[in-house]
There are 2 protein chains.
Amino acid sequence: MDVTVAHDGPEDCAAVKPVLARIGDKWVVLIVRLLGRKGPRRFNELRREIGTISQRMLTLSLRGLERDGLVTRTVHPTIPPRVEYELTPLGRSLMVPINALGNWAFAHREEMDAARARFDRLHGAAEAPAPPAAAAGPADAVFKG
Amino acid sequence: MDVTVAHDGPEDCAAVKPVLARIGDKWVVLIVRLLGRKGPRRFNELRREIGTISQRMLTLSLRGLERDGLVTRTVHPTIPPRVEYELTPLGRSLMVPINALGNWAFAHREEMDAARARFDRLHGAAEAPAPPAAAAGPADAVFKG
DNA sequence: CAGGATCCCGTCTGATACTG
DNA sequence: CAGTATCAGACGGGATCCTG
């Protein structure tokens with residue numbers, strides 16, 4: 001298969017870094033997907049839908065996304081305050097590669113599972129036994145939402 | 001634009017997690033790209049090409065990739081020992097979405113830069129002024145290699 | 001309701017030293 | 001050369017308290 005794309009090389013190094021940093025943040029991916037699915041959300045709506053994210057992390061994640069121009073933060077000066085987050089066009093376009101990654105993961109999950117199982121069987125199976133609920137639980141909640 | 005892909009939803013939650021964890025690791029992406037470009041590499045070859053990665057992180061990253069079935073580790077029982085790492089077909093296929101992400105980053109780097117600059121100008125510009133050389137330098141080295 | 005400020009602990013990561 | 005083992009510091013991220 002052809003893995004060589006237009007600019008496989010050096011030129012986009014600096015550009016790739018921040019993006020990787022963003023999507024490397026698990027919360028960010030969940031948030032982007034949530035916002036991409038059903039439109040704008042309020043702070044505590046997101047919080048509830050994700051399930052286990054701390055308000056701190058949600059705030060930080062949203063700030064980062066806002067900073068990068070991926071989401072907009074709209075404050076409605078009402079009482080009580082109402083703040084809505086929404087994907088920008090740029091944010092929506094990011095969903096394409098994110099989903100591509102998701103598709104890849106889905107398509108090859110059995111291969112990876114098998115590979116990991118085999119590796120763990122051969123070597124010490126002591127490592128990475130069961131990811132803490134904090135990692136698995138919340139993600140499930142989000143994607144099921 | 002259409003961001004809705006085949007299985008946008010709940011079904012691939014568990015599958016996506018490990019992949020995100022992998023590519024979230026900055027070293028992993030660099031390694032995969034390096035291996036994808038010019039074929040098999042020896043341990044210290046990779047080390048030199050990446051430039052600033054600690055041997056510890058390189059070992060851990062390679063172990064993780066091996067565990068996930070993305071690279072093979074071949075030991076040649078010679079003196080001195082010779083160990084070669086190479087992408088598996090699965091690993092090569094991962095380059096497709098990784099490159100897609102890279103393409104996206106490259107295509108939108110100016111937008112993101114502008115967004116960040118504007119955000120930082122409006123709010124406190126104190127955060128994320130200049131990433132330490134440790135973050136920018138090594139990556140550059142790799143992609144230029 | 002939205003989120004800023006703190007405290008605190010576990011993990012990640014780099015530096016160093018040692019082994020086959 | 002290709003690692004493993006150990007130590008120490010940086011950082012991420014959760015829990016909690018408090019404000020507009």
Side-chain angles (χ1 to χ4, degrees), chain A residues 20-31 40-67 71-86 123-124 126-139, chain B residues 20-28 30-31 40-67 71-86 123-124 126-128 131-135 137-139:
Chain A
L20 289 177
R22 276 270 148 274
I23 67 118
D25 181 345
K26 67 175 178 179
W27 299 124
V28 160
V29 177
L30 300 178
I31 292 168
R41 291 287 206 303
R42 301 180 58 177
F43 186 87
N44 277 343
E45 267 182 311
L46 283 171
R47 193 147 141 66
R48 268 190 300 275
E49 289 182 285
I50 295 177
T52 63
I53 190 174
S54 64
Q55 132 277 56
R56 173 191 157 86
M57 279 303 99
L58 182 53
T59 298
L60 289 179
S61 298
L62 288 171
R63 281 289 178 285
L65 288 169
E66 188 193 355
R67 190 172 106 98
V71 306
T72 57
R73 176 174 179 272
T74 310
V75 180
H76 299 84
T78 62
I79 295 180
R82 179 187 188 84
V83 180
E84 291 206 321
Y85 294 90
E86 183 172 14
H123 306 60
E127 21 265 333
Chain B
L20 289 177
R22 275 272 148 273
I23 67 118
D25 182 345
K26 67 176 178 178
W27 300 123
V28 161
L30 300 178
I31 292 169
R41 291 288 205 301
R42 299 180 59 177
F43 186 86
N44 277 343
E45 267 181 311
L46 283 171
R47 190 146 141 67
R48 268 188 300 275
E49 289 182 286
I50 295 178
T52 63
I53 190 173
S54 65
Q55 122 283 52
R56 174 188 156 85
M57 280 304 99
L58 182 53
T59 298
L60 289 179
S61 298
L62 288 170
R63 283 288 180 285
L65 289 170
E66 187 193 355
R67 189 171 106 99
V71 307
T72 56
R73 176 175 179 271
T74 310
V75 181
H76 299 85
T78 62
I79 294 180
R82 178 188 188 83
V83 180
E84 290 205 321
Y85 295 90
E86 183 173 14
H123 306 59
E127 20 266 335

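Every heavy atom of this structure was used, including side-chain atoms; hydrogens, water molecules and symmetry mates were not. Proteins come first, then strands; the chains are lettered A, B, ... in the order of their sequence lines, and each starts at number 1.
- With sequence neighbours excluded, the residues satisfying side-chain contact (heavy atoms from CB on, under 4.5 Å) with A:Arg56 are A:Ser54, A:Leu60.
- A:Arg47 places its CZ atom 14 Å from the P atom of C:dG4, with the value rounded to the nearest Å.
- The distance from atom CG of B:Asn44 to atom C1' of D:dG3 is 9 Å, rounded to the nearest whole Å.
- Listed pair A:Arg42 / C:dA2 meets the phosphate criterion, a side-chain N or O lying under 4.0 Å from OP1 or OP2.
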Candidate pair A:Ile53 and A:Leu30, rule side chain to side chain contact (heavy atoms under 4.5 Å, CB included), full reasoning: CA-CA 10 Å; A:Ile53 190 174; A:Leu30 300 178; over 6 Å; no

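- What separates CD1 of B:Ile50 from P of D:dA2 is a distance of 13 Å, to the nearest Å.
- Looking at residues two or more places apart in sequence or on another chain, you find no side chain to side chain donor-acceptor pair (under 3.5 Å) involving A:Gln55.
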Sequence-aligned protein contact record of nucleotides 14-20 of chain C, with B where the base is within under 4.0 Å of a protein heavy atom and S where only the sugar-phosphate is: BBBB--B

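- The heavy-atom pair separating A:Leu20 from B:Ile23 by the smallest distance is CD2-O, 4.2 Å.
- Atom-to-atom, CD of B:Glu45 to P of D:dA2 comes out at 8 Å; the value is rounded to the nearest Å.
- Applying the side chain to side chain donor-acceptor pair (under 3.5 Å) rule to A:Arg47 yields no partners; only residues at least two apart in sequence or on another chain are considered.
- Distance, A:Arg41 CZ to C:dA2 P: 13 Å, rounded to whole Å.
- Side-chain N/O atoms of A:Tyr85 include none lying less than 4.0 angstrom from OP1 or OP2 on C:dC1.
- Applying the side-chain contact (heavy atoms from CB on, under 4.5 Å) test to B:Arg48 and every residue at least two apart in sequence or in another chain returns B:Asn44, B:Glu45.
- Between the CZ atom of B:Arg73 and the C1' atom of D:dG3 there is a distance of 8 Å, rounded to whole Å.
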Please enumerate all protein N or O atoms sitting under 3.5 Å from an N or O of nucleotides 8-10 of chain D, with distances to 0.1 Å.
none

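- Between B:Arg63 and D:dT4 there is a side-chain polar atom (N or O) within less than 4.0 angstrom of OP1 or OP2.
- By the side chain to side chain donor-acceptor pair (under 3.5 Å) test, B:Arg42 is found to be paired with no residue, residues two or more places apart in sequence or in another chain being considered.
- Residues satisfying the side chain to side chain donor-acceptor pair (under 3.5 Å) test with A:Arg41, not counting sequence neighbours, are A:Glu49.
- We find that CG of A:Leu58 is positioned 8 Å from P of C:dG3, with the value rounded to whole Å.
- Residues meeting the side-chain contact (heavy atoms from CB on, under 4.5 Å) test with A:Glu86, sequence neighbours left out: A:Pro40, A:Thr72.
- Rounding to whole angstrom units, CD of residue B:Glu84 and P of D:dA2 are separated by 9 Å.
- Of the listed nucleotides (C:dG4, D:dG3, C:dA2), C:dA2 has the atom at the smallest distance from the side chain of A:Phe43.
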